[in-house]
Amino acid sequence: MQDLQKKLLDFAAARDWKQFQSPKNLAMSISIEAAELMEHFQWLTPEESVTLTDEKRKEVSYELADVFMYTLLMAKRMNIDLLECSAEKMEINEEKYPAERVKGKALKYSEYK
C-alpha cells in the first residue's frame, strides 16, 4: 500500500498537481468516482449486477481503482493509517452490529431493539 501511495504522490508531483489535492478536493474526487462506479449499476437488477460482461467488469474495476487510489492519496495527505483505522472501525462495527442481534437484517444500528 505504501508503494502505491508513493507512486501516486510521485505521479502528482511530476505534474505539479499537489496544489490541487487538498483533503476537500480529494474527498470530492472520491465521491465523484464513486458516483461513476454507481452509474454502471444504475438500471440493473440485483441479478444482472452479479453477472456483468467481461468488458463491463473491466470498466467497473477501473472505477474501483480510481476510488481506491484517491482514498490512498487522501489518507497519505492526512497522515492516516488506513489499516489501523480500518481495524478500529471494525471493532466499532462489531459493537454496533452484534451478529446475534442483526443476522439476516439490513437496518441501521440505531434501528435494532
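Values below: all heavy atoms of this structure, side chains included; hydrogens, waters and symmetry mates excluded. Just so you know, residue 1 is the first one in the sequence shown, and it goes up from there.
For the pair Arg15 and Phe11, the cation sits on the ring face: its NZ or CZ lies under 6.0 Å from the ring centre, inside 45° of the axis.
With hydrogens and angles disregarded, a donor-acceptor distance shorter than 3.5 Å links the side chain of Ser49 to the backbone of Pro46. A side-chain donor-acceptor contact under 3.5 Å links Gln5 to the backbone of Leu72. Side chain of Tyr112 to backbone of Lys105: a donor-acceptor contact under 3.5 angstrom is found.
When the side chains of ILVMFWY residues are joined at heavy-atom separations under 4.5 Å, either directly or via intervening members, Leu73 and Ile80 end up in a single hydrophobic cluster. Under a hydrophobic clustering in which Ile, Leu, Val, Met, Phe, Trp and Tyr are joined whenever their side-chain heavy atoms come within less than 4.5 Å, directly or via other members, Ile32 and Val67 fall into different clusters.
Taking the salt bridge (Lys or Arg N to Asp or Glu O under 4.0 Å) definition, one finds that Asp3 meets it with nothing, sequence neighbours left out. Listed by chain and number, the residues in a salt bridge (Lys or Arg N to Asp or Glu O under 4.0 Å) with Lys6 are Asp10 (sequence neighbours excluded). In terms of the salt bridge (Lys or Arg N to Asp or Glu O under 4.0 Å) criterion, residue partners of Glu59 (sequence neighbours excluded) are, by chain and number, Lys56.
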**OP:** Dump the intermediate steps for side chain to side chain contact (heavy atoms under 4.5 Å, CB included) on Tyr109 and Asn93, then the final yes or no.
**Re:** CA-CA 9 Å; Tyr109 69 91; Asn93 288 343; over 6 Å; no

**OP:** Test Leu9 against Arg77 for side chain to side chain contact (heavy atoms under 4.5 Å, CB included), laying out the working first.
**Re:** CA-CA 9 Å; Leu9 292 173; Arg77 293 268 191 241; 3.1 Å; yes

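Taking CE from Met69 and CG from Leu4, the interatomic distance works out to 7.0 Å, rounded to the nearest 0.5 Å. If you take CE on Met90 and SG on Cys85, they are separated by 12.5 Å, rounding to the nearest 0.5 Å. We find the CG-CE distance between Leu83 and Met1 to be 3.5 Å, quoted to the nearest 0.5 Å. Note that NZ of Lys108 and NZ of Lys96 are 7.5 Å apart. Values are rounded to the nearest 0.5 Å.
No side-chain heavy atom of Thr71 sits under 4.5 Å from any side-chain heavy atom of Leu26.
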